[in-house]
Amino acid sequence: MVSKEVERLLLKVQKPGRYVGGELNEVIKDKRRVDVRFAFCFPDTYEVGMSHLGMKILYSLFNSREDIWCERVFAPWIDMEELMREKNIPLYALESGDPVSEFDFVGFTLQYELSYTNMLNMLKMSGIPLKSSERTELKNIVVAGGPCACNPEPVADFVDIFFIGEGEEVDLEVIDLFKECKASGADKREFLRRAAQIEGVYVPALYEVSYNDDGTVKAYTPTCGAPAVVHKRLMKKMDESYYPDNFVVPLVEIVHDRAVQEIFRGCIRGCRFCQAGFLYRPVREKSVETINSQCRALCDNTGYDEVSLSSLSSSDYSQIVPLLEKLNTWSGDEKVSISLPSLRVDGFTDDIMNKIKTVRKSGLTFAPEAGSQRMRDVINKNVREDELLATCTTAFEGGWTTVKLYFMIGLPTETEDDVAAIAALGQSVVDAYYRCEKRSKGKSVRVTVSASSFVPKPFTPFQWEPQDTIEQLHKKQEHIKECITTKKIQFNYHDADTSFLEAVFARGDRRLCRVLELACERGFHFDGWNDCFSLEKWLELFEECELDPAFYANRRREFNEVLPWDHIDYGVSKQFFINECKKAYADTTTPHCRLKCSGCGAAKYGEGVCFEKRQNLV
């Protein structure tokens, strides 16, 4: 429901469908009949935000209550933003067209560190003061969640409340507290003080930070009765957790334009670089019956002809073959394609292949992560080259001719030979295709080798490790290029400049808030997009604030250093991470959670893989 003013701008922008709302399944309510209005802000474009599963879940969950109206807000692309500023049009929500400044809650999901400038820019476009301390009334409560909330410190000055962990329950508890405080006349400070007592809520304004002379954190001191450690929230019973039976169907093509069905949370594997694998422990699965009924409802209500089974590692779902058999009882007849986007090299079997061939065939994607076996042991990938080649051969025999392989460069202990092994492994996959007698005749193979740069992240065994310098990463990228000798391999790599800044904010402390505030003043936004990113301009900001970004990105930390996120608990103990880091340097692997419990600490939740019966294991 956009205004006439906005309508007049639409013919001047690249994709008007981003800004109008009115999609199938959007939720419209009478704002006079709701108690709480929640602006769910995704700090990126419509196409990216509309693909995000967490937003779909929470949007539907909030709107399932009559007293809450949740609306969607996305970052307008550069062309629209310029026009909105020129015409003094504030940022608005798609459902009502109302300015974001009229909402009780302004919520952000933080999926990527380089979206922080978009978050601040969206507040600025809304006319809402950036700093929590400048918003004194009980309105425009800025809340944030998502994986980046595990280290909230670089944006701590701007956010009133961080949701730590999974949000389905804690979000509603905070909204209910807000209603209570509003009805009783309590002020914002009282609301925040009481909110901090809810498990999974971090209120940064209630913590004082002190620093050592060398610039490291000395201590986080809670005030006003806030807890010394904030523990994450967890949905324990996935079959009982809320899941929508429809999604808003977008007006323009989005990044992942299909129905998405979550099959489990967490990961059993323990790859040492992977933050998500530890943040969402323990693994908790949905039943085959629940997944099947939810998939069917989504297809019926949205019209999508593809369902993506979402998880960190789909083939690790313990009932994956029975699930695919169940889905195939109706998906084939209704021409619905089932896709498994997160397959492990050792999880692609004949059974799985035959079940996902039903309607159409796209390229397969696997993530060996490292080229050499030694490096795969260092990162605890637990995948062998012969398994990858056997898997690719199975796929080639099944008619696939396109394979994407994801790798990472700059990992701890990596050598030049390890880097060269990435190209060699790509070549081995090409060779496996031409050795395959049952391959598609007359067709050529295409292998895409993609190399991202390692970014050390909080709550991983590598959280203490330095990131390679930009120069080192560039040399490794060039080395892979030089080692590729066939046109059958396409090499893609991620910009090392953005990876550097990602590392700065991933492990940064509260002093970075000043850098971000300056960035907002100077108009920085869409830093995750090459068209907008300038490392040179960022380095000028750090210099102006007298901070060295290398202190955060390229410095090795000692195990006894106080980390900016040490007062946050995601269920995995610091000692476990230390042990895993030491095992990485010894090239020693750790078995996955279904083979043997490694004592990470997640068993304290009393649910999931930690308590499944381990039968028939050798």
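Both backbone and side-chain heavy atoms feed into the values below; hydrogens, waters and symmetry mates do not. From a predicted model like this one, the values you see are computed outputs, not experimental measurements.
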Exercise. Check step by step if side-chain hydrogen bond (donor to acceptor under 3.5 Å, both in side chains) holds for S115 and D44.
Key: CA-CA 7 Å; S115 70; D44 211 316; over 6 Å; no

Quiz item: Does CD in Q575 sit with more than 12 non-hydrogen atoms of other residues, nucleotides or ligands closer than 6.0 Å?
Solution: yes

Salt bridge or not between [X] and [Y]? Use side-chain N to carboxylate O under 4.0 Å.
X: R284; Y: E262; value: no
X: D418; Y: R374; value: yes
X: E414; Y: K476; value: yes
X: R522; Y: E544; value: yes
X: E369; Y: R376; value: no
X: E561; Y: R556; value: no

Report yes or no: is the cationic atom of [X] (NZ for Lys, CZ for Arg) closer than 6.0 Å to the six-membered ring centre of [Y], at no more than 45° off its axis?
X: R555; Y: F551; answer: yes
X: R507; Y: Y552; answer: no
X: K56; Y: F247; answer: yes

[X] side, atom [atom1]; [Y] side, atom [atom2] - distance, nearest 0.5 Å:
X: I164; Y: I568; atom1: CD1; atom2: CD1; result: 4.5 Å
X: L539; Y: L547; atom1: CG; atom2: CG; result: 12.0 Å
X: T117; Y: L518; atom1: OG1; atom2: CG; result: 13.0 Å
X: Y433; Y: R439; atom1: OH; atom2: CZ; result: 6.0 Å

Quiz item: So do the side chains of F407 and P368 get within less than 4.5 Å of each other, counting heavy atoms only?
Solution: yes

Practice problem: With the side chain counted from C-beta on, respond yes when V307 and V260 share a heavy-atom pair under 4.5 Å apart, and no when they do not. | Solution: no

Practice problem: Taking side chain to side chain donor-acceptor pair (under 3.5 Å) as the test, write out the residues that go with Q477, two or more places apart. | Solution: none

Practice problem: Identify, with sequence neighbours excluded, every residue that meets side chain to side chain donor-acceptor pair (under 3.5 Å) alongside K381. | Solution: none

Quiz prompt | Close aromatic pair by centroid cut-off 6.0 Å: Y570 and F459 | solution = yes

Quiz item: Is the F524-W538 ring centre distance short of 6.0 angstrom?
Solution: yes

Exercise. Take Q427 and I489 through the side chain to side chain contact (heavy atoms under 4.5 Å, CB included) test and state the conclusion after the steps.
Key: CA-CA 8 Å; Q427 183 64 53; I489 297 177; 4.3 Å; yes

Quiz item: Under the 3.5 angstrom rule, does the side chain of S499 hit a backbone N or O of D495 as a donor-acceptor pair?
Solution: yes

Is there a donor-acceptor contact under 3.5 Å linking the side chains of [X] and [Y]?
X: T589; Y: N380; value: no
X: Y116; Y: D527; value: no
X: S310; Y: Q261; value: no

Quiz item: In chain order, what residues pass the salt bridge (Lys or Arg N to Asp or Glu O under 4.0 Å) check against K481, with sequence neighbours excluded?
Solution: E478

